[in-house]
> 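If you scroll down you'll find the structure; I have some questions about it.
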Number of protein chains: 2
Amino acid sequence: MAQHQTQLDDVFLALADPTRRAVIARLGRNEASVSELAAPFEMALPSFMKHIRVLEDAGLIHTSKHGRVRTCRIDTARLSLIDGWLDEQRRTWEGRTDRLEQFLLGAQHKDGHR
Amino acid sequence: MAQHQTQLDDVFLALADPTRRAVIARLGRNEASVSELAAPFEMALPSFMKHIRVLEDAGLIHTSKHGRVRTCRIDTARLSLIDGWLDEQRRTWEGRTDRLEQFLLGAQHKDGHR
DNA sequence: TTGATACTTAGCGCAATGGCTAAGTGATCG
DNA sequence: CGATCACTTAGCCATTGCGCTAAGTATCAA
């Protein structure tokens, strides 16, 4: 729960960057090495590596090194964290609509409460 | 499309903070004034107002001022931007799975899947 | 008209982000 | 062995994020 909070922080923060979203989109197709992933971008490799690290810290990707090559894989489950949060919000505001309807239907008056 | 990118940047960034997610959750129930929204938090009002501004700039909420009270409302449509992006990713990696299955089924060899 | 209320503006401080270069490490190739 | 490749580490720098206080503005209430 408390952990859940900072997990969402990390996931949302990680996705708040076009480079990192592009990496996620790319890894959706298949796994890839760091340099394959970096190729489309103009930035220096150390800069790019920071993005990889951010994604990994957020749990959105996992990486492993074989020889001198680090291979990156997406963790699709982690993106579902967002689904969960979104669903929670939707339940809230759909509930709100229900109560609003009850209010509008039930109390033909002026003000019902608060 | 180009705009779409920075919109996602702003939305994800806005949600990468527990205070702001709490505000969104709260506004899911009903609209509220700034000071009503700020009440549960310990931070100073100017600090809190920055969060409101970030949410508004991201398009996640809209605000309007009547007298001295600024009222905030959620823009549920904006959260759907995220749904769109998530769906896009899912289509990508589900497509990947299909191709992987095709490969695995086409070439009956060693392992079935996973 | 005076005072309280509800922001609002301005500006400070510190930590984190996102870019860079330079130099290092450990494979792999010729 | 020596060169090359694929990162990796270290450190610098500018900008941004998120908190604060102090002071200002505009309502509204009495």
> Counting heavy atoms from C-beta on, name the nucleotide in D:dA6, D:dA22, C:dC7 closest to the side chain of B:P46.
D:dA22
> The side chain of B:D17 is closest to which nucleotide in this list: D:dT27, C:dG19, D:dC18?
D:dC18
> So, does A:H51 get its side chain near the phosphate of C:dG19, meaning an N or O under 4.0 Å from OP1 or OP2?
yes
> Of the nucleotides D:dC20, C:dC20, C:dC7, which has the atom closest to the B:S47 side chain?
D:dC20
> Between A:A22 and A:F41, which heavy-atom pair has the shortest distance, and what is it?
CB-CZ, 3.7 Å
> Does a distance-only test, which skips hydrogens and angles, find a donor-acceptor pair under 3.5 Å between the side chain of B:K50 and the base of D:dG17?
no
> Can you tell me which residue pairs pass the salt bridge (charged side-chain N to carboxylate O under 4.0 Å, His left out) test with a partner in residues 68-78 of chain B, sequence neighbours excluded?
B:E31-B:R73
> Which listed nucleotide (C:dT8, D:dT8, D:dC20) is nearest to the side chain of B:L45?
C:dT8
> With distance as the sole test, does A:R20 use its side chain to make a donor-acceptor pair with the main-chain N or O of A:L13 at under 3.5 Å?
yes
> Looking at the side chain of A:V69, which of D:dC7, C:dC7, D:dG17 is the nearest nucleotide?
D:dC7
> Answer yes or no: does a side-chain N or O of B:R68 lie under 4.0 Å from OP1 or OP2 of C:dT8?
no
> Counting heavy atoms from C-beta on, name the nucleotide in C:dT9, D:dA6, C:dA6 closest to the side chain of B:R53.
C:dT9
> Would you mind reporting whether A:I82 and B:I82 have side-chain heavy atoms less than 4.5 Å apart?
yes
